[in-house]
Amino acid sequence: EVQLVESGGGLVQAGGSLRLSCAVSGLTFDDYVYGWFRQAPGKEREGVSCIITNNGRTHYRPSMEGRFTISSDNAKNTVFLQMNSLMPEDTAVYYCAAVYNAYNGCPPADYYDYWGQGTQVTVSS
């Protein structure tokens, strides 16, 4: 069974940092694109970042670029999202997702086949 399990969320004050993890099992890790999404209160789900395993490229929503860094550890079958300089508007449930690697940019949410359960990130002001 394919499983994606997020962890690392929590409560942090504005300006602080968190490192989210997405542990992947049940598929060939580096054959897939991995994306991070978030659902903030009162807002639609939005893409945050993705990593394209075929070419190693990463992509970010402009509002997060420079603050967030996506990476992976193939030996551990894990995707990370390092979040720095957090702001209250970053408060959301963060999800990781996977889709077979056939893209140059981040695929839209509907393309992803596998999703984790989400982890809550709360940034206090």
Minimum side-chain heavy-atom gap C96-W115 below 4.5 Å: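 Of all side-chain heavy-atom pairs linking W115 with C96, none is under 4.5 Å.
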Nearest heavy-atom neighbours spanning G105 and I52: O-CD1, 3.6 Å
Partner residues of T119 under the side chain to side chain donor-acceptor pair (under 3.5 Å) criterion, sequence neighbours left out: none
Hphob cluster co-occupancy, I70 + V121, side-chain heavy atoms under 4.5 angstrom: yes
Y114: ring-ring contact (aromatic ring centres under 6.0 Å, His included) partners, not counting sequence neighbours: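 Partners of Y114 under the ring-ring contact (aromatic ring centres under 6.0 Å, His included) test: none.
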R45, CZ: over 12 other non-hydrogen atoms inside 6.0 angstrom: yes
Qualifying side chain to side chain donor-acceptor pair (under 3.5 Å) pairs, either residue in residues 64-74, two or more places apart: R67-D90
Anything under 3.5 Å between a donor and an acceptor, one on a side chain of residues 9-37, the other on a protein residue two or more places apart or in another chain? List them.
| unit_1 | atom_1 | unit_2 | atom_2 | d |
| --- | --- | --- | --- | --- |
| S17 | OG | N84 | OD1 | 2.9 |
| R19 | NH1 | Q82 | OE1 | 3.2 |
| Y34 | OH | F29 | O | 2.6 |

same_hphob_cluster(L81, I51) at 4.5 Å side-chain heavy-atom cutoff: yes
Cluster overlap Y100 with V2, hydrophobic side-chain contacts below 4.5 Å: yes
All pairs passing disulfide bond (SG atoms under 2.5 Å apart) where residues 28-91 contributes a residue, at least two apart: C50-C106
Non-hydrogen atoms of G47 and R61 that approach each other most closely: O-NE, 2.6 Å
Closest heavy-atom pair and its distance - Y94, M83: CE2-SD, 3.8 Å
Among E44, E46, E6, E89, salt bridge (Lys or Arg N to Asp or Glu O under 4.0 Å) partner for R38: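 The single option meeting the salt bridge (Lys or Arg N to Asp or Glu O under 4.0 Å) with R38 is E46.
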Hydrophobic cluster identity match, F68 and V123, side-chain contacts under 4.5 Å: yes
Cluster check V5, V48: I/L/V/M/F/W/Y, side chain < 4.5 angstrom: no
Contacts of Q120 that satisfy side chain to side chain contact (heavy atoms under 4.5 Å, CB included) - sequence neighbours left out: T91, V93, T122
